[in-house]
J.: 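If you scroll down you'll find the structure; I have some questions about it.
Below, all heavy atoms of this structure are taken into account, side chains as well, without hydrogens, waters or symmetry copies.
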Amino acid sequence: MLKLSIITLFLGQTKNRFLVYQDAADTPTHLDRAGAAEGIGAVELRCPADTSDIAATKEALKRNNLAVSAINFASVRNDRWLRGAWTAEDPAERQAAVDDAKRAIDLAAELGAPRFHTCPLNEGFDYPFELDPIAALDYSAECFEQICAHNRDMKICIEYKINEPRVRCQIGNAGELIAFANIVGADNLGATLDAGHCFLAGENPAAAAALLHKCNRLFYVHINDNDTRGDWDLTPGTWHTWEFIELFYTLERLGYDDWIAFDIVCKEHESPQVFTDAAAIANKLKEISLRIDKDDMAARYKSRNPTSTMRMLNDLL
């Protein structure tokens with residue numbers, strides 16, 4: 001069985017450019033909904049959205065027997081850092097973001113979460129000559145040097161994405177994440193591999209996981225699916241069934257036995273049922289991956305005969 005978590009954002013109200021879905025509930029209600037979903041053992045809490053009443057959050061976690069897989073730090077906010085947090089031109093704005101991140105790291109330690117997670121979506125550009133690429137790297141590296149130094153025992157995870165809300169985000173694929181982590185030079189800085197973001201970036205998630213692991217940067221995994229034309233946050237396996245089986249097969253080979261968080265939009269459907277279904281599907285895909293004979297697959301990887309291999313895989317169904 002996979003160790004499955006839910007990002008709390010998707011247990012309440014979500015929005016896109018056109019519609020608003022679900023009700024605007026409080027954090028304890030979100031956690032009760034996570035607790036009602038079958039196959040879920042943890043949540044990824046948002047900061048600051050889920051951290052205004054820590055006592056109530058702790059009680060709801062305990063009531064629902066939920067662990068905290070990560071603290072998800074929001075550097076994209078309506079009230080500040082409109083032109084980016086880590087690449088802002090104003091040093092005071094960057095420092096404010098760093099100081100906020102340090103408080104989130106302390107909170108993660110308090111709640112027993114093994115990682116601080118952030119998705120720097122707003123760091124990037126829409127037009128040529130909009131963002132100084134040299135200064136932007138210097139600014140963001142300086143920020144993450146401070147963040148990583150705050151607690152060397154805490155895994156600091158960056159979820160890379162190729163675009164949205166910027167036409168091109170600063171860290172868009174696994175290679176750019178590895179390069180950025182090397183610039184920062186901190187061993188506790190690594191990646192959140194989001195399968196849907198891999199598809200958007202033209203990556204194969206299993207190959208991206210292998211690359212990140214070989215560079216000691218595979219720290220966390222999000223799963224969702226899309227058709228490669230938008231980040232639709234669909235149930236895993238909807239469009240890329242075999243790619244998810246290959247991802248789970250590869251994660252097993254790499255020794256990844258940690259939380260995997262659902263990044264799925266429920267839209268108009270009740271979240272406990274959506275995530276119960278998603279957990280069942282993900283575990284089914286994982287179970288199929290476990291049917292693969294590793295010695296046989298090793299030989300198949302060497303022979304590189306894909307039609308024969310796909311026939312074998314389909315015989316497992």
J.: Do Arg77 and Asp79 sit within salt-bridge range, that is, some charged N less than 4.0 Å from a carboxylate O?
T.: no
J.: Do Thr29 and Asp32 pair up side chain to side chain, a donor and an acceptor below 3.5 Å, judged on atom types alone?
T.: no
J.: How long is the gap from OG1 on Thr51 to CD on Glu110, to the nearest 0.5 Å?
T.: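 Spacing of OG1 (Thr51) from CD (Glu110) equals 10.5 Å.
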J.: Under 3.5 Å, is there a donor on one side chain and an acceptor on the other for Glu123 and Thr87?
T.: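 There is such a pair between these side chains.
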J.: Determine whether more than 12 heavy atoms belonging to other residues, nucleotides or ligands lie under 6.0 Å from atom CG of Leu317.
T.: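 Correct, the count exceeds 12.
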J.: Using the side-chain contact (heavy atoms from CB on, under 4.5 Å) criterion, which residues pair with Asn122? Sequence neighbours excluded.
T.: Val76, Pro165, Arg166
J.: Less than 4.5 Å apart, side chain to side chain, heavy atoms only: is that true for Asn151 and Phe116?
T.: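 They are not in side-chain contact.
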J.: With rounding to the nearest 0.5 Å, note down the distance linking CG in Asp227 to OG1 in Thr238.
T.: 10.5 Å
J.: When you compare the side chain of Leu247 with that of His240, does any pair of heavy atoms fall below 4.5 Å?
T.: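 No - every pair of side-chain heavy atoms lies 4.5 Å or more apart.
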J.: Under 4.0 Å between a Lys/Arg side-chain N and an Asp/Glu carboxylate O for Lys161 and Asp263?
T.: no
J.: Please examine the side chains of Pro114 and Lys155, heavy atoms only from C-beta on, and report whether any two atoms are closer than 4.5 Å.
T.: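 No, side chains not in contact.
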J.: Side chain of Asn173, backbone of Ala201: donor and acceptor closer than 3.5 Å?
T.: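 Checked: no pair found.
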J.: Check the side chains of Tyr160 and Glu203 for a donor-acceptor pair under 3.5 angstrom, ignoring hydrogens and angles.
T.: yes
J.: Evaluate Ser289 against Glu252 for side-chain hydrogen bond (donor to acceptor under 3.5 Å, both in side chains), listing each step before the verdict.
T.: CA-CA 9 Å; Ser289 77; Glu252 174 90 8; over 6 Å; no
J.: More than 12 foreign heavy atoms under 6.0 Å from CD of Gln13: is that the case here?
T.: yes
J.: Using 0.5 Å steps for rounding, measure from the CG atom of Leu316 to the CZ atom of Arg291.
T.: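 Spacing of CG (Leu316) from CZ (Arg291) equals 6.5 Å.
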J.: What is the distance from atom CD1 of Ile162 to atom CD of Glu176, rounded to the nearest 0.5 Å?
T.: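 That separation rounds to 6.0 Å.
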J.: Output yes when a side-chain donor or acceptor of Asp225 lies under 3.5 Å from a complementary backbone atom of Leu234, and no otherwise.
T.: no
J.: Between the main-chain N or O of Ser271 and the side-chain N or O of Arg33, is there a donor-acceptor pair closer than 3.5 Å?
T.: no
J.: Is the shortest side-chain heavy-atom distance between Ile264 and Pro236 below 4.5 Å?
T.: yes
J.: Before you tell me yes or no, could you show the steps for Phe262 and Phe275 under side chain to side chain contact (heavy atoms under 4.5 Å, CB included), namely the whole-Å CA-CA distance, both residues' side-chain angles and the distance that decides it to 0.1 Å?
T.: CA-CA 8 Å; Phe262 283 122; Phe275 288 109; 3.6 Å; yes
J.: Taking atom CG of Asp187 as the centre, does the number of heavy atoms from other residues, nucleotides or ligands within less than 6.0 Å exceed 12?
T.: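 Incorrect, the count does not exceed 12.
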J.: Answer yes when Glu130 and Arg168 have at least one side-chain N-carboxylate O distance shorter than 4.0 Å, and no when they do not.
T.: no
J.: For Asp106, what residues pass the salt bridge (charged side-chain N to carboxylate O under 4.0 Å, His left out) criterion, not counting sequence neighbours?
T.: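 By the salt bridge (charged side-chain N to carboxylate O under 4.0 Å, His left out) rule, Asp106 matches no residue at all.
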J.: So, Asn283 versus Glu287: side-chain donor-acceptor pair below 3.5 Å or not?
T.: no
J.: Given Ile158, which of Phe180, Phe219, Tyr220 fulfils the side-chain contact (heavy atoms from CB on, under 4.5 Å) condition?
T.: Phe180
J.: Does Arg83 have more than 12 heavy atoms from other residues, nucleotides or ligands lying within 6.0 Å of its CZ?
T.: no
J.: Counting C-beta onward and ignoring hydrogens, is there a side-chain heavy-atom pair between Phe199 and Pro205 closer than 4.5 Å?
T.: yes
J.: Any chance CG of Asn16 has more than 12 other-residue heavy atoms, nucleotides or ligands included, within less than 6.0 Å?
T.: yes
J.: Can a side-chain donor-acceptor contact be found between Asp50 and Thr57 if the only test is distance below 3.5 angstrom?
T.: no
J.: Taking everything shown except Arg152 itself, do over 12 heavy atoms lie less than 6.0 Å from its CZ?
T.: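 Above 12, so yes.
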J.: Looking at side-chain heavy atoms only, is the closest gap between Val43 and His30 below 4.5 Å?
T.: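 A side-chain contact under 4.5 Å is absent here.
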J.: Salt bridge or not between Arg300 and Asp296? Use side-chain N to carboxylate O under 4.0 Å.
T.: yes
J.: Just so I know, are the side chains of Leu251 and Ile260 near enough to count as touching, which here means a heavy-atom distance under 4.5 Å?
T.: yes
J.: Determine whether a donor-acceptor pair (N or O, by modelled atom type, separation under 3.5 Å) exists between the side chain of Ser5 and the backbone of Ala261.
T.: no
J.: Aromatic rings Tyr249 and Tyr301: how do their planes relate, parallel, tilted or perpendicular, breaks at 30° and 60°?
T.: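 Aromatic pair Tyr249/Tyr301 classed tilted.
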J.: Between the side chains of Thr192 and His117, does any donor sit under 3.5 Å from an acceptor?
T.: yes
J.: Hey, is NZ on Lys294 packed in by over 12 heavy atoms from elsewhere, all under 6.0 Å?
T.: yes
